[in-house]
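In what follows, chains are A, B, ... by sequence order, proteins preceding strands, each numbered from 1. On a predicted model such as this, the values are computed, not experimentally measured, just so you know. All values below come from the heavy atoms of this structure, side chains included, with hydrogens, waters and symmetry mates left out.
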Amino acid sequence: MSFQKAIVTWYQINKRELPWRSTTDAYVIWLSEIILQQTRVEQGLPYFHKFLLNFPTVRDFANANEDEVLKLWQGLGYYSRGRNMLFTAQQIVAEYNGIFPVKYSQLIKLKGIGDYTAAAISSFAANESKAVVDGNVFRVLSRYFGINVPINSNAGKKLFSKLAQELIVGQVPAVYNQAIMEFGALQCKPKPGCETCPIAQNCSALINQQVNVLPVKLKLVKVKERWLNYLVASSGEYILIKQRQSGDVWQKLYDFPVIETSRAINSTDPHFVGQVKALFGEEVIIRPVCQKRHLLTHQIIYVHFFVLENYMINFNQHADIKSVLVDDFKSLPHPKVISDFTEMYL
DNA sequence: AAAGCGGGGAC
DNA sequence: GTCCCAGCTTT
């Protein structure tokens, strides 16, 4: 039996029932594919339902504002996905009359859609013969065919794309693409179940004892440490907030005035106190409240929260800081570490 | 080619 | 702790 036939047969028996598999609506598929980028199915599923409920059509999505989209996206991470979706939804309405394109050549031009997502939407919505190459496919192909070219090198991306595209010829694209990804997600996992694998007898990695070294991936990311000291200034009814700008994590999300330091500090650190007083006046009182370690892929962020009392602020000199009702602040989109704090202390 | 971008689950 | 998830964009 061919590799492809075995994969598809395995899929028919073992596949999960997932909501985006029972539609050919390109908008719905797009929604699911963007949400699932670098995101596990279980984590993305509730967001998929939430977005579809709030935005049943691409026109509904296009009519949203950015805060609304990011609030729905809150907690899912990689927030540029949400911002790009709004941009693309508006483009679909403006340039495609609200009809979501299904051709790979059109999809690839849209913001937030790369090779993988264009192949996924075009194959699932219109059976275009474009092979998906995601983390699952890299793993399955590298093991089965014994390919040790690094999957995150340019040569590797080219090689695996070419191989995947050759393998899809003669298959039903929508089914085969789903099948090979599902096979990677459930059977040929990072820690695979070779004992029950239907193609084990032809698997190069298993035969050559390479299962635990394939796929090969280049270099580990070096993690940067940073210290964010948040200044919580609230009258009880109002609170001072900022919107995060580009060039850093959590772009466009809302948090508090913050002083970043290169090491841990406490509320009496002279340099820190000086900066706080420059912002909030000489009479300000700084009271430490809590601290937590927040982990991102590339950063370890030590977050300290300091509540301020007796503070004063000149909004003319600090146009980026705004005073809003606490309840209004809560309804804005926040990084996880801020929404956790807010729920606990505000 | 390399770096930046979240949060969470499995082990 | 490590690895990695239905990746994309920017430099």
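When rounded to the nearest whole Å, the span between CD of A/Gln43 and P of C/dC4 equals 17 Å. Remark: C1' of C/dC5 and OH of A/Tyr47 are 15 Å apart, rounded to the nearest angstrom. Distance, A/Ile151 CD1 to C/dA6 P: 13 Å, rounded to whole Å. Across the protein-nucleic acid pair, A/Ile121 atom CD1 and C/dA6 atom C1' stand 11 Å apart, rounded to whole Å. Rounded to whole Å, the distance from NZ on A/Lys217 to P on C/dC3 is 10 Å. Atom P of nucleotide B/dC11 and atom NZ of A/Lys189 are separated by 6 Å, given to the nearest angstrom. Atom-to-atom, CD of A/Gln38 to P of B/dG6 comes out at 12 Å; the value is rounded to the nearest Å. Whole-Å rounding puts the A/Arg81 CZ to B/dG6 C1' distance at 8 Å.
One finds no side-chain N or O of A/His298 lying less than 4.0 angstrom from the OP1 or OP2 phosphate oxygen of B/dA3. Applying the 4.0 Å criterion to OP1 and OP2 of C/dT9, one finds that A/Tyr78 has every side-chain N and O outside that range. A/Trp250 has a side-chain polar atom (N or O) that falls below the 4.0 Å cut-off from OP1 or OP2 of B/dG7. Proximity of A/Arg139 to the phosphate of C/dC5: a side-chain N or O atom is located under 4.0 Å from OP1 or OP2. For the OP1/OP2 pair of C/dA6 and a distance below 4.0 Å, the side-chain nitrogens and oxygens of A/Gln178 include no atom meeting the criterion.
If you look at A/Trp250 and A/Tyr79, their ring centroids are not closer than 6.0 Å. For A/Trp73 and A/Phe51, the distance between ring centers is under 6.0 angstrom.
Across all strands shown, A/Glu42 has no heavy atoms under 4.0 Å from either base or sugar-phosphate atoms. Residue contacts for A/Trp30: at a heavy-atom cut-off of 4.0 Å it reaches no nucleic acid atom on any strand shown. If you check every strand for non-hydrogen atoms under 4.0 Å, A/Gly184 touches nothing. Nucleic acid contact for A/Ile34: none, since no nucleic acid atom lies under 4.0 Å from a heavy atom of the residue. Among the heavy atoms of the strands, none lies under 4.0 Å from A/Asn177.
Side-chain atoms of A/Thr117 stay outside donor-acceptor range of the base of C/dG7, with no qualifying N/O pair under 3.5 Å. For B/dG6, its base sits under 3.5 Å from the side chain of A/Thr39 at one donor and acceptor pair at least. Between the side chain of A/Arg40 and the base of C/dC4, at least one donor-acceptor pair of N or O atoms lies under 3.5 Å.
Closest approach to the A/Lys111 side chain among C/dC4, B/dC5, C/dT9 is made by C/dT9 (side chain taken as heavy atoms from C-beta onward). Of the candidate nucleotides B/dC5, C/dC5, C/dA6, B/dC5 has the atom nearest to the side chain of A/Asp248. The side chain of A/Met181 lies closest to C/dA6, out of B/dC5, B/dG7, C/dA6.
Contact detail for A/Val137 and A/Ile180: the closest heavy-atom pair is CG2-CG2, 3.8 Å. Nearest approach of A/Leu218 to A/Asn152, heavy atoms of both residues: N-OD1, 2.9 Å.
Here the NE2-CZ distance, from A/His304 to A/Phe272, works out to 9.5 Å after rounding to the nearest 0.5 Å.
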